[in-house]
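Notes to accompany the following structure.
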Amino acid sequence: MKASISSTSHYAPEKTLTNQDLEKIIDTTDEWIKTRTGIEKRHIIGENEATSDMATNIALDLLKKSKLDAKQIELIIVCTVTPDHFAPSTAALVQNNIGASKAWGYDLSAACTGFLYGLETGAKFIESGKYNNAMIIGLDSMSTIMDYQDRNVCVLFGDGGGGAILEKSNRYGIIDSLLRMDGSGGKFLIVPGGGSRMPTTSKTIENREHFLKQDGKTIFKFAVKGMADVSEEILRKNNLSGDDIDLFIPHQANKRIIDAAAKRCGISQDKVVININEYGNTTAGTIPIAINESVISGRLCRGDILLLAAFGAGFTWGSMIIRWGN
Ligand code: ACO
């Protein structure tokens, strides 16, 4: 028995922030951003919008597309590094908003690899035989931790995400996964302030410690190697080659990272999903957005072999092979 994805959804806020908009607030150019990253715009949450609002939209759409009603949902996992609050969890807010009265759940923090960690975790609950379904939502409101004075970081990220319902299946579903973590990379991509290490004070705010900081060059190197290594390894382990993959959905951090990973795995460009131009990096949101867009466009069909790969803060990274359908 496998866990398979029975419905998918995604959500991106209406408001957008284009490269041209950024040119007006920081020393950058549309040309620089496009050629170095592939990003043209990002979606940004509205004034009264938070992560749980986007997640609730996604959850309601998942229910609409599935045969389940809210009271049948057993588990909700929200993968995010930008929860509404430290407590309560965003999963609890979603549970209440959709009326999933029999569900329990929690938030999962694994940055850009969040949705892969979430799918793996949800799948194991289902494969245990105790649970019939799990709602996995991956999303982030990255604009809430962006320093719009720091051009090294703020051009890269946007808000949004997506989700999936996992159910039992005999024929389809998650075939294999490889998940990794190396905390020695923690310092290279970090929000230093606001947690127990450096609680918020007027000083931390003055020093802009509540915003995401990164060493872009180091992350770039690790991301190319990490994503390519786990993708190659999972293919080898399952006796597959790049030619056997029908669709490759990599985390969308930088088009150059994606191209390098696809090349190393021998996956031709027409099989690689790239939507970074539209959304930027939505952290835990990139993979579920790309999955749902591929379902809607008909690029991802029943029986297809789908390869997912991600790399992010932690460092965390991983890959997953899914036979699509349920
Ligand atoms: N606009 C214009 N110039 C810029 C900008 C900007 N937004 N940002 C940096 N520059 C400048 C730099 O200051 C530097 O100038 P200098 O040579 O005078 O010092 C120059 O551009 C080149 O900078 P590099 O850092 O060498 O540019 P690079 O080609 O490495 O690209 C980038 C930088 C895009 C950040 C790249 O390193 C990258 O994508 N790294 C990965 C970061 C990432 O994806 N983080 C997200 C989370 S992790 C994940 O999701 C995988």
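Note that ligands are numbered from 1 as they come in the structure, with each ligand's atoms numbered from 1 the same way.
Not a single protein heavy atom sits closer than 4.0 Å to atom 14 (C) of ligand 1. Closer than 4.0 Å to atom 10 (N) of ligand 1 lies at least one heavy atom of the protein. For atom 32 (C) of ligand 1, the nearest protein heavy atom is 4.0 Å or more away. For atom 26 (O) of ligand 1, a protein heavy-atom neighbour is found at a distance under 4.0 Å. Under the 4.0 angstrom criterion, atom 18 (O) of ligand 1 counts as lacking any protein heavy-atom contact.
Closest to atom 41 (C) of ligand 1, if we only count protein heavy atoms, is Gly216 O, 3.5 Å. Of the protein's non-hydrogen atoms, Arg151 NH2, 3.9 Å is the one closest to atom 12 (C) of ligand 1. Of all protein heavy atoms, the one closest to atom 1 (N) of ligand 1 is Thr28 OG1, 2.6 Å. Taking atom 39 (O) of ligand 1 as the reference point, the nearest protein heavy-atom neighbour is Asn254 ND2, 2.7 Å. Scanning the protein heavy atoms around atom 30 (O) of ligand 1, the nearest turns out to be Lys217 NZ, 3.7 Å. Protein heavy atom in closest approach to atom 47 (C) of ligand 1: Leu189 CD2, 3.4 Å. Remark: minimum distance from atom 44 (O) of ligand 1 to any protein heavy atom is reached at Ala253 CB, 3.5 Å.
Under a 4.0 Å N-O distance rule, the pair Arg151/Asp27 qualifies as a salt bridge. The residues Glu127 and Lys2 are annotated as not salt-bridged, no charged nitrogen and carboxylate oxygen being separated by less than 4.0 angstrom. A salt bridge does not link Lys263 with Asp259: every distance from a Lys NZ or Arg NE/NH1/NH2 to an Asp or Glu carboxylate oxygen is 4.0 Å or more.
Near Thr37, the atoms of ligand 1 lying under 4.0 angstrom from a non-hydrogen atom of the residue are 34 (C). Applying the 4.0 Å criterion to heavy atoms of Arg256 picks out, from ligand 1, the atoms 28 (P), 29 (O), 31 (O).
Gln72 contributes a side-chain N or O that, together with a main-chain N or O of Asp69, makes up a donor-acceptor pair within less than 3.5 Å. Of the possible polar contacts, none joining the Asn207 side chain to the Glu209 backbone as a donor-acceptor pair under 3.5 Å is found. Of the possible donor and acceptor atoms, one in the side chain of Thr316 sits under 3.5 Å from a partner among the backbone N and O of Ala110.
Heavy atoms of Met227 come nearer than 4.0 angstrom to ligand 1 in no pair at all. For the ligand labelled ligand 1, residue Val155 lies inside the 4.0 Å heavy-atom shell.
Among Phe311, Trp32, Phe157, the residue whose heavy atom sits closest to atom 51 (C) of ligand 1 is Phe311. Within the set His251, Met142, Gln252, the minimum heavy-atom distance to atom 50 (O) of ligand 1 is found for His251. Nearest residue to atom 28 (P) of ligand 1 from Arg36, Glu23, Gln214 is Arg36 (criterion: closest heavy atom).
Any N or O atom pair closer than 3.5 Å counts here, and Thr29 shares no such pair with ligand 1.
Nearest approach of Gly298 to Cys301, heavy atoms of both residues: O-SG, 3.2 Å. Here the closest non-hydrogen pair linking Thr18 and Arg42 is C-NH1, 3.6 Å.
Side-chain contact between Ile137 and Met135 is present, with heavy atoms from C-beta onward closer than 4.5 Å. Counting heavy atoms from C-beta on, the side chains of Arg208 and Lys213 come closer than 4.5 Å.
Residue Ile26 does not touch ligand 1, judged by heavy-atom distances below 4.0 Å.
Between His43 and Tyr279, the distance from one ring center to the other falls under 6.0 angstrom.
Under the 4.5 Å side-chain heavy-atom criterion for ILVMFWY residues, no single connected hydrophobic cluster contains both Ile73 and Tyr106.
Partner Asp159 forms a side-chain contact (heavy atoms from CB on, under 4.5 Å) with one of Thr82, Thr51, Asp140, Ile44 and no other, that one being Ile44.
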